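On a predicted model such as this, the values are computed, not experimentally measured, just so you know. What you see below is based on every heavy atom in this structure, not just the backbone, and it leaves out hydrogens, waters and symmetry mates.
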Amino acid sequence: MIPKIGISEINLKKSISLLSIILSDEMTLYIKTRKFHWNVAGESFMELHKLFESQYTELEIIIDEVAERINKLGGKTIGTMNEFTLLSRIVEHPNKYPVKKEMLSELLSDHEMIISELRKDIDVCAEECHDVGSADLLTGFLQQHESIAWILRRYLS
């Protein structure tokens, strides 16, 4: 059933497609952050292990909220690694296990990319799709990614 919430069916579909890409980005970053959590070693191991855990826990909440937003707009939420891989704008590096400074740098780069993309995505939701609910939700996610990026940047300073 198509929701009658003041957004045209075409714009609902555009928002759902965009949210599916965002969901894929968040899932890919979540998996990458977990991989680094599992594989960090050396000096400051426990500190970074806990840092990565707090970050992937925050991403879990974002993921769930994006998935629920897709459903609220009348869409079906994707849920396979293949679907996420096809849509994600984040680059993975299979069989590579970077040292902790490279982990921090890679995560920072990914969060900054998401921040940049979210800025564009917010405009699309608000201006093209007339979906201020999604735009507002994405604004909150942008702020969360800015905070995570700031923390990662401080480790690399």
Side-chain angles (χ1 to χ4, degrees), residues 1-3 5 7-41 48-126 128-129 131 133-149 151-152:
M1 176 183 274
I2 299 169
I5 56 174
I7 303 172
S8 72
E9 187 175 350
I10 289 171
N11 286 338
L12 284 170
K13 287 179 181 177
K14 283 170 65 174
S15 283
I16 290 165
S17 291
L18 184 56
L19 289 167
S20 295
I21 293 168
I22 293 165
L23 178 63
S24 298
D25 290 343
E26 299 290 352
M27 278 298 297
T28 304
L29 183 55
Y30 168 82
I31 295 295
K32 186 183 283 192
T33 306
R34 287 237 41 163
K35 176 183 176 180
F36 292 171
H37 165 79
W38 291 326
N39 290 291
V40 68
L48 292 176
H49 186 72
K50 288 179 180 181
L51 174 71
F52 295 152
E53 181 176 15
S54 73
Q55 290 177 353
Y56 73 67
T57 300
E58 193 169 345
L59 292 171
E60 284 176 356
I61 295 166
I62 291 172
I63 289 163
D64 196 51
E65 289 182 16
V66 174
E68 288 177 0
R69 182 69 185 168
I70 290 168
N71 291 145
K72 289 175 187 176
L73 296 178
K76 296 285 185 192
T77 304
I78 61 172
T80 68
M81 293 309 297
N82 187 52
E83 290 167 312
F84 297 136
T85 300
L86 290 172
L87 293 177
S88 182
R89 298 172 284 198
I90 298 222
V91 177
E92 289 188 292
H93 305 285
N95 300 314
K96 293 194 177 176
Y97 299 90
V99 295
K100 62 187 171 189
K101 187 169 184 175
E102 293 166 344
M103 289 177 179
L104 292 164
S105 181
E106 188 172 329
L107 290 176
L108 174 59
S109 177
D110 289 340
H111 282 279
E112 289 179 336
M113 186 280 301
I114 285 180
I115 292 164
S116 296
E117 292 300 320
L118 282 173
R119 289 187 195 290
K120 297 176 216 169
D121 299 340
I122 290 164
D123 289 342
V124 169
C125 285
E128 293 179 30
C129 298
D131 180 4
S134 292
D136 185 56
L137 186 67
L138 297 180
T139 300
F141 298 156
L142 179 138
Q143 292 168 336
Q144 287 178 268
H145 283 286
E146 286 176 336
S147 292
I148 293 171
I151 291 167
L152 293 168

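- A side-chain donor-acceptor contact under 3.5 Å links E83 to the backbone of G79.
- Counting heavy atoms from C-beta outward, I31 and M81 have side chains that approach closer than 4.5 Å.
- Put simply, the side chain of L104 reaches to within 4.5 Å of the side chain of L48, judged on heavy atoms.
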Could you pull out all donor-acceptor pairs under 3.5 Å where a side-chain atom in residues 54-70 meets a protein atom, sequence neighbours excluded?
{"unit_1": "S54", "atom_1": "OG", "unit_2": "L51", "atom_2": "O", "d": "2.8"}
{"unit_1": "Y56", "atom_1": "OH", "unit_2": "R34", "atom_2": "NH2", "d": "3.4"}
{"unit_1": "T57", "atom_1": "OG1", "unit_2": "E53", "atom_2": "O", "d": "2.7"}
{"unit_1": "E58", "atom_1": "OE2", "unit_2": "Q144", "atom_2": "NE2", "d": "3.1"}
{"unit_1": "E60", "atom_1": "OE2", "unit_2": "Y30", "atom_2": "OH", "d": "3.0"}
{"unit_1": "R69", "atom_1": "NE", "unit_2": "S134", "atom_2": "OG", "d": "2.9"}
{"unit_1": "R69", "atom_1": "NH2", "unit_2": "D131", "atom_2": "OD1", "d": "2.7"}

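- Taking 4.5 Å as the limit, some side-chain heavy atom of I5 sits within range of a side-chain heavy atom of L73.
- With sequence neighbours excluded, the residues that form a ring-ring contact (aromatic ring centres under 6.0 Å, His included) with H49 are H37, F45.
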*Given S15 and I7, is the side chain to side chain contact (heavy atoms under 4.5 Å, CB included) satisfied, shown in steps?*
CA-CA 10 Å; S15 283; I7 303 172; 5.5 Å; no
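- Put simply, the side chain of T139 gets close to the backbone of A135: a donor and an acceptor are under 3.5 Å apart.
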*Yes or no on side chain to side chain contact (heavy atoms under 4.5 Å, CB included) for L29 and H145, after CA distance, side-chain angles and deciding distance?*
CA-CA 11 Å; L29 183 55; H145 283 286; 3.9 Å; yes
*Might you work through the side chain to side chain contact (heavy atoms under 4.5 Å, CB included) test for E26 and I114, ending with a clear yes or no?*
CA-CA 8 Å; E26 299 290 352; I114 285 180; 4.1 Å; yes
*asked:* Before you tell me yes or no, could you show the steps for K35 and M103 under side chain to side chain contact (heavy atoms under 4.5 Å, CB included), namely the whole-Å CA-CA distance, both residues' side-chain angles and the distance that decides it to 0.1 Å?
replied: CA-CA 10 Å; K35 176 183 176 180; M103 289 177 179; over 6 Å; no
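- Listed here is the closest heavy atom pair of A149 and L108: O-CD1, 3.4 Å.
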